[in-house]
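Each remark here refers to the structure printed beneath this line.
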2 protein chains.
Amino acid sequence: MTRPISDALHARIRRDIESRIMSGQWRPGHRIPYEHEWMEAYGCSRMTVNKALRSLVQSGLLESRKRAGTFVAAPRFHRAALEIPDIRAEVEGQGLTYRLDLLSRDRRKATEADKALLRVSSGDLLAIECRHFADDLPYALEHRLINLAAVPEAAEVDFSTQPPGSWLLAHVPWTEAEHRITAINADPATAQSLHVPENAACVALERWTWIGAGRDDERITYARQLYPGDRYALTAHFHA
Amino acid sequence: MTRPISDALHARIRRDIESRIMSGQWRPGHRIPYEHEWMEAYGCSRMTVNKALRSLVQSGLLESRKRAGTFVAAPRFHRAALEIPDIRAEVEGQGLTYRLDLLSRDRRKATEADKALLRVSSGDLLAIECRHFADDLPYALEHRLINLAAVPEAAEVDFSTQPPGSWLLAHVPWTEAEHRITAINADPATAQSLHVPENAACVALERWTWIGAGRDDERITYARQLYPGDRYALTAHFHA
DNA sequence: GACTCAATAATGTATATACTTAAATGCAGC
DNA sequence: GCTGCATTTAAGTATATACATTATTGAGTC
């Protein structure tokens with residue numbers, strides 16, 4: 001997942017700055033040398049220095065202010081890049097056999113509850129309940145709503161073999177998404193479905209997906225996935 | 001959290017491309033126009049076009065191949081940027097009163113268990129157990145190990161008022177970090193400590209933090225935070 | 001047809017230059 | 001001391017240009 005290291009000059013400058021920040025030599029708030037100082041130091045043009053700095057600004061390590069200079073940004077949070085693979089890919093990536101179990105599929109007009117979850121005001125949708133298996137052990141329980149106004153093709157798709165997440169990821173790419181991760185106790189039905197004891201702690205991952213950033217944004221899907229807490233962990237890595 | 005919109009030409013080109021991808025008009029694998037076509041379309045230089053494209057490549061929306069062109073990247077995961085604020089900031093950000101309760105503080109040579117968690121081979125460390133309160137309701141239970149070889153100053157800090165996470169974030173900036181999120185059932189002691197029923201589902205957030213990307217990396221700290229699942233949710237947003 | 005190899009065309013990198021923009025600085029006047 | 005204003009300086013944007021790199025294309029050969 002690491003970027004291929006490049007021997008380009010701007011990449012070297014970038015790495016040099018990065019390592020001085022990472023090592024703690026330059027702390028947040030520290031004003032790093034001016035662009036013209038870097039260009040002297042490396043005997044290159046300002047554009048080259050600028051390219052390095054801009055890329056560090058984009059990744060949040062630096063912050064520039066006109067006239068004042070460029071500063072090491074203050075980390076206000078622990079940032080991490082969470083990459084949630086689609087479940088089939090995740091299971092198969094672990095060398096296990098994936099199997100999907102479609103529990104229910106219902107095409108209906110949005111109920112009040114659906115509207116609240118999908119964040120739409122009306123329309124038809126597809127409601128799916130399914131279980132994901134890894135080597136015959138339940139891996140996740142999924143409840144999903146798909147907005148048919150946004151993705152009419154979904155009405156024709158056979159979700160008894162293809163997980164809805166995989167299909168959507170391939171067919172409705174590059175959407176905006178919001179995730180909510182919490183923990184819940186398995187109710188009796190969930191416990192039975194996931195083969196865990198009643199009240200077992202589960203990771204609940206909710207995801208809202210939509211297209212477009214403006215007012216005319218279009219809700220695509222809502223998904224809620226429950227994972228047995230003792231078999232599953234989300235991992236995230238911060239690298240800058 | 002949204003970037004300030006810029007009216008620079010390269011930013012406009014960027015937005016135009018972005019919106020065509022986000023709207024689904026250009027799907028993954030699609031070859032977008034060549035740089036020289038963009039420069040004709042906008043009547044600008046190639047460097048300006050290049051700036052827009054590079055920034056979209058950096059954020060993972062595009063992918064360039066020499067000679068072949070620039071393509072819409074295939075989203076293989078649901079990416080999300082997880083920003084985990086330090087607990088005090090998080091609580092106070094919600095308008096609640098923060099209070100820290102230091103349960104134990106122990107300076108010791110690393111035990112076998114410590115070594116495994118902190119991922120060091122030996123050395124002195126500081127082990128801290130504390131509870132974070134929001135308006136007199138327990139918010140999180142924290143178990144933390146700090147490697148004194150990496151952060152000797154920590155030995156002198158008074159962690160009865162200042163949460164270790166806040167202090168570390170301010171004093172050991174820009175580190176690498178790995179997060180692991182899972183769900184567990186509260187054991188009797190934890191339940192009592194967090195004022196939740198026994199076996200209540202809790203979000204368990206583990207974080208390993210170190211400095212430097214090479215072999216000579218230095219382990220800073222290990223933290224495990226338990227949050228009552230019914231009072232707490234991690235949220236993450238993907239925006240591209 | 002399959003293989004080799006050179007021409008081609010697109011991105012990648014870098015330079016030198018010029019003008020714009022915004023904020024820190026310092027000076028003048030009250 | 002404080003305020004307002006002009007100055008200055010560093011980053012921001014953009015251009016035109018050149019050469020490097022590399023994967024594709026296609027022509028020529030076996």
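Side chains included, hydrogens not; waters and symmetry mates left out as well; all remaining heavy atoms used. The sequence lines fix the lettering, A, B, ..., with proteins before strands; numbering per chain opens at 1.
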Could you check B:Ala68 against A:Leu9 and say which one's nearest nucleotide on DNA chain C is further toward the 5' end?
-> B:Ala68
Between A:Asp16 and A:Tyr42, a side-chain donor and acceptor under 3.5 Å | yes
Select base, sugar-phosphate, or nothing to describe what B:Leu53 touches, counting heavy atoms under 4.0 Å on all strands.
-> nothing
Side chains of A:Thr70 and A:Arg31: do they bring a donor and an acceptor to under 3.5 Å?
-> no
Would you kindly give the OH-to-C1' distance between A:Tyr34 and D:dG12, to the nearest whole Å?
-> 16 Å
From the options C:dT11, D:dA11, C:dA14, select the nucleotide whose nearest atom is closest to the side chain of A:Lys66.
-> D:dA11
What's the OH-C1' distance between A:Tyr42 and C:dA14, to the nearest Å?
-> 16 Å
Return the 5'-most residue of the pair A:Ile32, B:Gly43 with respect to DNA chain D, ranking by each residue's nearest nucleotide.
-> A:Ile32
Of the nucleotides D:dG12, C:dT13, D:dA16, which one has an atom closest to the side chain of A:Ser64?
-> D:dG12
Nearest to the side chain of B:Ala8, which nucleotide is it out of C:dA10, C:dA14, D:dT13?
-> D:dT13
Can you find an N or O donor on one side and an acceptor on the other, under 3.5 Å apart, linking the side chain of B:Arg67 with the base of C:dT8?
-> yes
Out of C:dA10, C:dT13, D:dT15, whichever nucleotide has its closest atom nearest the side chain of A:His10 | C:dT13
A:Glu63 CD to D:dA11 C1': how many Å, rounded?
-> 14 Å
For atom CZ of B:Arg14 and atom P of D:dT13, their distance in whole Å = 12 Å
Under 3.5 Å side-chain donor-acceptor pair for A:Ser55 and A:Arg14 = yes
What do the steps show when you test A:Tyr139 against A:Tyr232 for ring-ring contact (aromatic ring centres under 6.0 Å, His included), and what is the final call?
-> CA-CA 8 Å; A:Tyr139 189 79; A:Tyr232 184 78; 5.8 Å; yes
Distance-only donor-acceptor test, A:Arg46 side-chain atoms vs D:dG12 base atoms, 3.5 Å = yes
Just checking A:Arg54: base, sugar-phosphate only, or nothing, at a heavy-atom cut-off of under 4.0 Å?
-> sugar-phosphate
